[in-house]
Amino acid sequence: MSKTIIISNRLPVQLQISDGGLTAIPSVGGLATGMKSVHSGGKSLWVGWSGLTDEDTPEELEKDIDRALKEHGCAKVKLTAKEIEGFYFGFSNRTIWPLFHYFLEYSEFELEFWNIYKAVNQKFADAIIEKSDENDTIWVHDYQLMLVPQMVREKRPNTSIGFFLHIPFPSYEIFRTLPWREEILEGLLGSDLIGFHTYDYERHFLSSVRRLLGLDVSFNDIYQDNRVIKVDSFPMGIDYKKFRDAAVAHGKHKKEERTDFQKRLDSHKASAPDTKLILSIDRLDYSKGIAKRINAFEYFLNKYPEYKEKVRLIILAVPSRSNVPQYQLLKKEIDELVGRINGELSTVNWTPIWYFYRSLPFENLIDLYTSSDIAWLTPLRDGMNLVAKEYIATRTDKTGVLILSEMAGSAYEMNEALLINPNNFEQQADTLKKAITMPREEQIARNMFLQNRLERYNVEVWANEFMNALNRKSDGNISYVSQKMSDTILNEISKNFKNAKKRLLFLDYDGTLTGFHKDPQKASPDDELYELLDTLNQPENTTLFLISGRDKQTFTRWFLHKKYNMIVEHGVWISRDGEEFKLLEKVKDEWMEKIKPVLESFVDRTPGSFIEEKNYSLAWHYRNTDPDFGAKRATELNTVLTSLIGNDDISVLNGNKVMEVKSSNVNKGRASVRILGEADYDFVMAIGDDWTDEFMFQELPDSAVTVKVGLKKTQARFHVENTKRVRTLLKKLA
Ligand code: GDG
C-alpha cells in the first residue's frame, strides 16, 4: 500500500522526559493541524527531528521514544548537538533565514555550517529512503531541508516528491550572493512540485533557476533534462474552525470561568473604558519588525498626543533561537526600547506598552485576540504571517481592525485590512489613528470579506490542494501531444527501419545531434557523431539528410568531405553526395538591407546578443543574454519586425533563443516534402528540437516517424528527452 511521507525539521510531537518516564504530546502548531488530513489513518509517516539531541537522549529510552513516536505516526532522525548547532542554528538560521528575509548583512557564509547542513540533509534523505518505496508520495517542508528532494530523487527516480517553502524566496539579486546557490536550486529541483506562499516568491525562484542554472522555464514549468518540474503558489491558511470555536466558547464564559489573564485584562478595560488595546504577537525575530514598531508607536504618540492614555500597545514576543547572537542583540534592543518609552511616557494611570517575553498557552492567545481592538503586525518580511489570519478568525462579532505590513505574504489575500509599509512612520501613525476611529460598520464590512475567505481557504484545503497538485503531476499531467519514445516503441521503429526497402532520414543538427554551445561555431561535431552518421549513411537504401538553419559555409567545413546530404538555411541550399551547395529555392534578399540595421540596434541595446548573417536570412541570437531581458527584447523585436515586414514575402521564426528573419517560402517542411517526392520511401523519419522543425513534423505524412527533442508541445508523434537519447535512438538504427 502506498503511503504519504511528510518530512520537516521538527516532528509534530513534543517529547518530555521526566522522572515518571516519557510522554509524547502532539503539537498544536499550524503545520501539524494543517497536515491532519494528510497525516491520518495510518497511511502516512512523519519523519523529523524529535527535539532531543543524541546527548540528551538516555540510551535506555531509545526504544520507548521510537514506540511513543510510532503511536503518532512519526519516526525520528537522530541528530547530535554539534549537528543541531551547524545545521539548525548555523546554516538554517544564520545563513538562509536572514538571506531569504533580505537581511543580507546578517547572513553568515560559513563553509563549516554548509558542510553540516549537507550532511544533515543527507541524514533526512537516508531516513526517507529507508522508510519509503517507489510508490510513496513524499512532501518535504521548509528551508532547513532544501537539499533533501534531490538526495531522495537520486535513489528513488520515480517517486513523487513535493516541496513547500514556508518563508519568502528572495529576489535573484539577493539569492545570487549565496556561495552555494546552485546546489540549493539543484536540491530543490529534485522535486516534482515546488510550492510557495505567494506568486512573488514563485517568480523570484523561477528567475533564479533561469539565470543561475540556465534552464528553460515556460509559465510555471521548469524543463530539466527529461523532467518537468512544476512550481506554484499555495497560500497557507489557518485552522479557522479551531480559532472560531475557541472564540465563541470564550465569549460564552461566565465571569468565574475566565482565565486569570482574561480577568486582569477585563479589570484594566473596566478602569479605562475608552482606552483601545493594540495587539502584536510574533516570535522574537528581527524579520518581524518589532523594534521598528515600538519606534513607530512612539512616533504616533508624539504626532497625535491626544491619544496618550487612550491607547495601549500589548507586545507578545515569543522567545526564539536565543542561541543565535542576532536574536540576543534584538532582545536587548527591545528590552531597552520598551524601558525607555515606558519610562518617558508613563503616567500614574497609564503604561503605554505592555511587553511579554514568553510563550502563552493557547487559551491566553484567544484572550488577547478577542480583547484587542486592533492587531498591528509590521513584519519587515514574512513568508505568510498566520497571526493576522488568526486575529480575524476570532472576531466573532466581526469588529476589530487589522493593520498589516505589505511585506507579509498574507497581505496579498487580506486586501480589506489596512496595509502599511513598516518603514513609513508617517503612514503608520496616520493608519493607527484611522484604525482607532474606524466606525464599527466599516470594521464589520471589511472583516466579513476576510472571514469568508479564511473560512473557505483554510489550512486543510491548503494541504489538500498541494497534495492534489502533486498527485496530478505524478499522473503525468504534462500536456504532451506526443508520446514518449519508450524502449518498446524504439524496438518497433527499429524493426520497421530494418525491414524497410527505402528509407529517408531528416536530422536537425543543433539541439538534436549535439547540445547548444555559447558560441555556435564551437558546437562542431565530435568523433562519435561522425562515426554514427557514417554508419547510418552507408546503406544503399538509406537517404540521410542533415537539415539545419545553419549557413552553408559552416556545414561545408564540417560535413562536405563526409558526403552527407545536407539542406541548410532552413531549405535555401542543398548539397548531395559531397557536391557544392546549390540553391534549392529561389529567394529574395533585397529586404535584408532594410532589416539588418533594426537587428543591429537590438544588438547594441542587448548585451550578449549578436547577429548571424546567412545568405538569405538574418538571425538574432540571444542565448547569452540575461534570460529575462533577452526574452523581453525578443518580444519587442518581434513586434517591430512584424510591423516592418507587413507582407507575406518574409517571415520571422522564433527558434530556441534565436529569432530568424527569412523569406516566407523557405522552411524545413517545404524542403523535406520536396525530397520526399523524389522517390518511393517506405520509412521516413525526422528528428528536431525547435520551432523551425515543427514545419517538418507538420508537412511530412502521418506515417512518418517524427521525433521532438525535449518536452515542449509539438506536432511530432514522439518525443525524447535530450540529445543523448537521440544518439541512443540512432545507434539502435545503425
Ligand atoms: C513561519 C513563517 C509563515 C505565537 N505566539 C504564541 C503562539 N503563536 C503561534 C501563532 C501562529 C504561529 O505561532 C506563528 O506563525 P507565523 O505565521 O506568524 O510565523 P512563523 O513562526 O515565523 O512561521 C511565516 C509560517 O511559517 C507558516 O508557513 O506564515 O511567515 O515565518 O500560529 O498563533 N501560540 C501559542 N502561544 C503563543 O504565545 N500557543
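Sequence positions, counted from 1, serve as the residue numbers for this chain. Counting starts at 1 for both ligands and their atoms, following the listed order.
- Taking every non-hydrogen atom of Gly383 and a distance limit under 4.0 Å, the qualifying atoms of ligand 1 come out as 30 (O).
- Thr259 and Asp367 share a donor-acceptor pair across their side chains, judged by distance under 3.5 Å alone.
- For Ile238, no heavy-atom contact with ligand 1 is shorter than 4.0 Å.
- Less than 4.0 angstrom separates some heavy atom of His197 from each of these atoms of ligand 1: 28 (O).
- Here the CD atom belonging to Glu83 is positioned 15.5 Å from the OH atom belonging to Tyr88, to the nearest 0.5 angstrom.
- Residue Leu365 approaches ligand 1 through these ligand atoms, each under 4.0 Å from one of its heavy atoms: 6 (C), 7 (C), 33 (O), 34 (N), 35 (C), 37 (C).
- Annotation: cation-pi pair Lys292/Phe297 absent, no NZ/CZ under 6.0 Å from the ring centroid and within 45° of its normal.
- By the 30° and 60° cut-offs, the orientation of the rings of Trp139 relative to Trp462 is tilted.
- Only side-chain heavy atoms of Leu316 come within less than 4.0 Å of ligand 1; its backbone N, CA, C and O stay farther off.
- Only side-chain heavy atoms of Trp97 come within less than 4.0 Å of ligand 1; its backbone N, CA, C and O stay farther off.
- By heavy-atom distance, the residue among Leu360, Asn385, Val387, Leu165 lying nearest atom 38 (O) of ligand 1 is Leu360.
- Atom numbering of ligand 1 starts at 1 in the shown order; those under 4.0 Å from a heavy atom of Met236 are 27 (C), 28 (O).
- For the pair Arg381 and Tyr102, the cation sits on the ring face: its NZ or CZ lies under 6.0 Å from the ring centre, inside 45° of the axis.
- Of all atoms in ligand 1, listed by their number and element, those nearer than 4.0 Å to a heavy atom of Ser359 are 36 (N), 37 (C), 38 (O).
- For the residues Asp382, Ile281, Val459, the heavy atom positioned nearest atom 30 (O) of ligand 1 is part of Asp382.
- Taking only non-hydrogen atoms, the option from Met384, Lys288, Lys389 nearest to atom 19 (O) of ligand 1 is Lys288.
- With contacts defined as side-chain heavy-atom distances shorter than 4.5 Å, the pair Tyr369/Ile281 qualifies.
- The nearest pair of heavy atoms linking Ala291 to Glu333 is CB-OE2, 3.6 Å.
- Between His250 and Glu363, the side chains place no donor N or O within less than 3.5 Å of an acceptor N or O (distance only, hydrogens not considered).
- For the pair Arg321 and Trp97, the cation-pi criterion (under 6.0 Å, within 45° of the ring axis) is fulfilled.
- Counting heavy atoms under 4.0 Å from ligand 1, residue Leu386 touches it through both backbone and side chain.
- Any N or O atom pair closer than 3.5 Å counts here, and Arg283 shares at least one such pair with ligand 1.
- Atoms of ligand 1 lying under 4.0 Å from any heavy atom of Glu390, numbered from 1 in the order shown and given with element: 10 (C), 11 (C), 32 (O), 33 (O).
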